[in-house]
Amino acid sequence: APLLELRNVWVEYGDKVVLEGVNLAIAPGEFVSVVGPSGAGKSTFLRLVLGQEAPSRGQVLLAGDPMPPECGPDRGVVFQRYSVFPHLTVIGNVLVGFEFAGAPVLGRLFGARRRAALAQAEAMLAAVGLAHARDQYPAQLSGGMQQRLALAQALVKHPRILLLDEPFGALDPGIRADMHELVSGLWRDHGLTVIMVTHDIAEAFKLGTRVLAFDKRRHDPHAPHRFGATAT
Ligand code: ADP
Ligand code: ADP
């Protein structure tokens, strides 16, 4: 059964149709890249998967059930910027990944459970190559290291789905190649389902097991929204 399914999903803002009858199924373990021009609806699609937005019509299903209205522990997300908190240390930022609706987790844990949460956060830091920076602040880290930290924060609670919104868009090409290796490894090792929005077509095909192309409606407002899926 698909982990994620869109059934005849429409998203409209007033007269503006952003997604027009999208049907899509994503199986567990897929790495889906999403490409397309600005305004094509890529971020709207991610918001649907995060439960931050409901479709105007149609259904968004997570493992066969209606998408819960907020992002639970089954989904982790990394944005291009501002994924980490500047006033928290590196380990503090990973611990934020355990929190729900702003409720601090570590503050309510004592003894063995507290040590277990810290150990899990430290293991995640090691997995992204940041163990050495445990007690530093994000401002002391390079852009690539900050995105490693964002990945650790998104993955510490072991979500099934990792959502990436142009995660490497602000990084230099050399750093980006390192990040590709890291994300591919995390995807394999954690049995993740990944959905990655990117403007970089080469990156989309390099990492994705499938590439989805979103397109804008251009001249004819009555023309169907074109939506293509290409197997790689
Ligand atoms: P992409 O991520 O592909 O650039 P978006 O999903 O951000 O595209 O946006 C798709 C279209 O929907 C854009 O034309 C955008 O202006 C419009 N849009 C997005 N959110 C809203 C909103 N809350 N109200 C009105 N229009 C919106
Ligand atoms: P230590 O390892 O020095 O005993 P703690 O276990 O208290 O420190 O926490 C490690 C780091 O996590 C510290 O930087 C602290 O500010 C941060 N931290 C502690 N609790 C939370 C929380 N609930 N949410 C986010 N960060 C936290």
Side-chain angles (χ1 to χ4, degrees), residues 2-26 30-62 66-72 74-84 143 146-147 150-151 154 159 161-171 176 179-180 183 187 192-232:
L3 181 53
L4 185 77
E5 198 176 353
L6 272 64
R7 288 190 190 157
N8 191 29
V9 163
W10 293 65
V11 172
E12 292 155 299
Y13 302 109
D15 284 348
K16 185 169 191 135
V17 181
V18 176
L19 297 181
E20 186 169 340
V22 173
N23 287 290
L24 169 66
I26 296 178
E30 282 197 83
F31 193 129
V32 175
S33 299
V34 178
V35 299
S38 289
K42 305 182 297 296
S43 302
T44 301
F45 170 59
L46 284 188
R47 285 199 302 278
L48 290 173
V49 178
L50 283 166
Q52 292 171 346
E53 179 160 339
S56 318
R57 275 180 273 167
Q59 286 179 296
V60 181
L61 302 173
L62 180 65
M67 183 62 72
E70 64 177 54
C71 188
D74 42 20
R75 282 153 289 162
V77 61
V78 173
F79 299 101
Q80 183 171 346
R81 293 196 172 85
Y82 311 120
S83 296
V84 300
Q146 289 188 22
Q147 289 309 78
L151 282 165
I161 305 181
L162 176 65
L163 298 157
L164 304 171
D165 194 354
E166 296 192 48
F168 316 128
L171 304 177
R176 224 183 272 196
M179 297 301 286
H180 291 165
V183 164
W187 169 60
L192 291 168
T193 304
V194 180
I195 301 174
M196 176 182 73
V197 169
T198 178
H199 274 116
D200 182 338
I201 300 287
E203 176 176 275
F205 279 91
K206 178 179 172 190
L207 296 182
T209 54
R210 182 152 57 126
V211 178
L212 299 179
F214 282 46
D215 201 355
K216 262 196 297 200
R217 305 197 332 155
R218 291 238 165 70
H219 308 295
D220 176 3
H222 301 292
H225 181 90
R226 282 179 292 156
F227 180 81
T230 314
T232 57

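FYI, the numbering just counts along the sequence from 1. Not measured: the values here are computed from a predicted model. Indexing begins at 1, ligand by ligand and atom by atom, following the structure's order.
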Kindly indicate, with the supporting measurements, whether the criterion side chain to side chain contact (heavy atoms under 4.5 Å, CB included) is fulfilled by L207 and H180. CA-CA 7 Å; L207 296 182; H180 291 165; 3.7 Å; yes
Whether the side chain of S56 engages the backbone of E12 through a donor-acceptor N/O pair (distance < 3.5 Å, no angle test) should be reported. yes
Judging by distance only, is a nitrogen or oxygen of V18 under 3.5 angstrom from one on ligand 1? no
Within the structure, is a non-hydrogen atom of P37 found at a distance of less than 4.0 Å from ligand 1? yes
Check whether any side-chain heavy atom of L62 sits under 4.5 Å from a side-chain heavy atom of I161, and report yes or no. yes
Protein heavy atom at shortest distance from atom 4 (O) of ligand 1: G39 N, 2.6 Å
What protein heavy atom is closest to atom 8 (O) of ligand 1, reported as residue, atom name and distance in Å? G41 N, 3.1 Å
Specify the protein heavy atom at minimum distance from atom 16 (O) of ligand 1: its residue, its atom name, and the distance to 0.1 Å. K16 NZ, 4.3 Å
Which atoms of ligand 1 have any heavy atom of T44 under 4.0 Å away? 5 (P), 6 (O), 9 (O)
Looking at ligand 1, would G36 count as a contact under a 4.0 Å heavy-atom criterion? no
Heavy-atom check, side chain of F45 versus side chain of I195, under 4.5 Å: yes
Can you see whether E166 engages T198 through a side-chain donor-acceptor pair at a distance of less than 3.5 angstrom? no
Please check atom 11 (C) of ligand 1 for a protein heavy-atom neighbour under 4.0 Å. yes
Identify the protein heavy atom lying closest to atom 7 (O) of ligand 1, giving its residue, its atom name and the separation to 0.1 Å. S43 CB, 3.6 Å
For atom 23 (N) of ligand 1, what's the nearest protein heavy atom and its distance? Y13 CE2, 3.6 Å
Do P2 and I26 have side chains that approach each other closer than 4.5 Å (heavy atoms only, starting at C-beta)? no
Salt bridge D200-K206, side-chain N to carboxylate O under 4.0 Å: no
Per-atom filter on ligand 1: closer than 4.0 angstrom to a heavy atom of S38 are 4 (O)
Heavy-atom distances under 4.0 Å decide this one: backbone, side chain, both or neither, for E12 against ligand 1? neither
Evaluate the side-chain proximity of F214 to V22: yes if any heavy-atom separation is below 4.5 Å, no if none is. no
